[in-house]
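Before any comments, here is the structure.
Numbers for residues simply follow the sequence, beginning at 1. What you see below is based on every heavy atom in this structure, not just the backbone, and it leaves out hydrogens, waters and symmetry mates.
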Amino acid sequence: MKQFSLGCALAFAMAAPVLAGNAEAPGEVSTGDIGFEEWRAMSAGKTLTYRIDGAFWALERYAPTGNRVMLQLNTGECLEGTWAYEDGTFCYAWDSGEQSCFRHTRMAGEIYVIHMENGEPTGGIQTMSHVSDLPLSCEPAAIS
């Protein structure tokens, strides 16, 4: 498995535009934060696809049981680790020693993954665009 700096990857993610509060436009439906049970039902044993500004950014594969996860960036580089949930935030401890935290929320039918630091949003926003059974190969991804 290739090594990479998650800090560099997150710096790219934080270049995404900031999600403007929780204000809803007329006719929009927001269900707010996605809790542990809902996220686990959606992700257990699955691969999630993430996009930044519409462009493919990464795949994330969750183990069917337990809290293991693998992240594969659009470069093919991979990172393995564990996740934990506390107070509405999912935090990931990567085997490389780096950590990252996110809030998962649904607004207007889209799922947003908001980078959090010290309990506050940093401005890094991803959209979760797809859930599949696709395995990860840690080679350059064919998704665009």
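The OG1 atom of Thr105 lies 11.5 Å from the CD atom of Glu110; values are rounded to the nearest 0.5 Å. Atom OG1 of Thr49 and atom CD of Gln72 lie 10.0 Å apart (nearest 0.5 Å). The CG atom of Leu73 sits 8.0 Å away from the CZ atom of Phe56 when rounded to the nearest 0.5 Å. Asp33 CG to Asp87 CG: the interatomic distance, rounded to the nearest 0.5 Å, is 11.5 Å.
Remark: Ser43 engages Trp39, Arg40, Leu48, Tyr62 in a side-chain contact (heavy atoms from CB on, under 4.5 Å) (not counting sequence neighbours). In this structure Ala93 satisfies the side-chain contact (heavy atoms from CB on, under 4.5 Å) test together with Thr82, Gln99, sequence neighbours excluded. Judged as a side chain to side chain donor-acceptor pair (under 3.5 Å), and not counting sequence neighbours, the contacts of Ser129 are Arg51.
The nearest pair of heavy atoms linking Arg68 to Asp95 is NH2-OD2, 3.0 Å. Taking all atoms of both residues into account, the shortest heavy-atom contact from Ser100 to Phe102 is OG-CE1, 3.5 Å. Across Met116 and Arg103, no two heavy atoms sit closer than the pair CG-N, 3.7 Å. Of all non-hydrogen atoms in Pro64 and Ala44, the two that sit nearest each other are O-CB, 3.7 Å.
Judged as a disulfide (SG to SG under 2.5 Å), the pairs with a partner in residues 86-121 (not counting sequence neighbours) are, in order, Cys91-Cys101. Evaluation of the disulfide (SG to SG under 2.5 Å) test over residues 43-74, restricted to residues two or more places apart or in two chains, returns none. Pairs passing the salt bridge (Lys or Arg N to Asp or Glu O under 4.0 Å) check and including a residue from residues 124-133, sequence neighbours excluded, read Lys46-Asp133.
The ring pair (Phe, Tyr, Trp, His ring centres under 6.0 Å) test with His104 is passed by exactly one of Trp83, Tyr112, Tyr50, Phe90: Phe90.
Between Met42 and Ile111 the shortest side-chain heavy-atom distance falls below 4.5 Å. Residues Leu59 and His130 form no side-chain contact, since every pair of their non-hydrogen atoms from C-beta on lies 4.5 Å or further apart. Looking only at side-chain heavy atoms (C-beta outward), Tyr92 and Leu71 stay at 4.5 Å or farther from each other.
A donor-acceptor contact closer than 3.5 angstrom links the side chains of Arg61 and Thr47.
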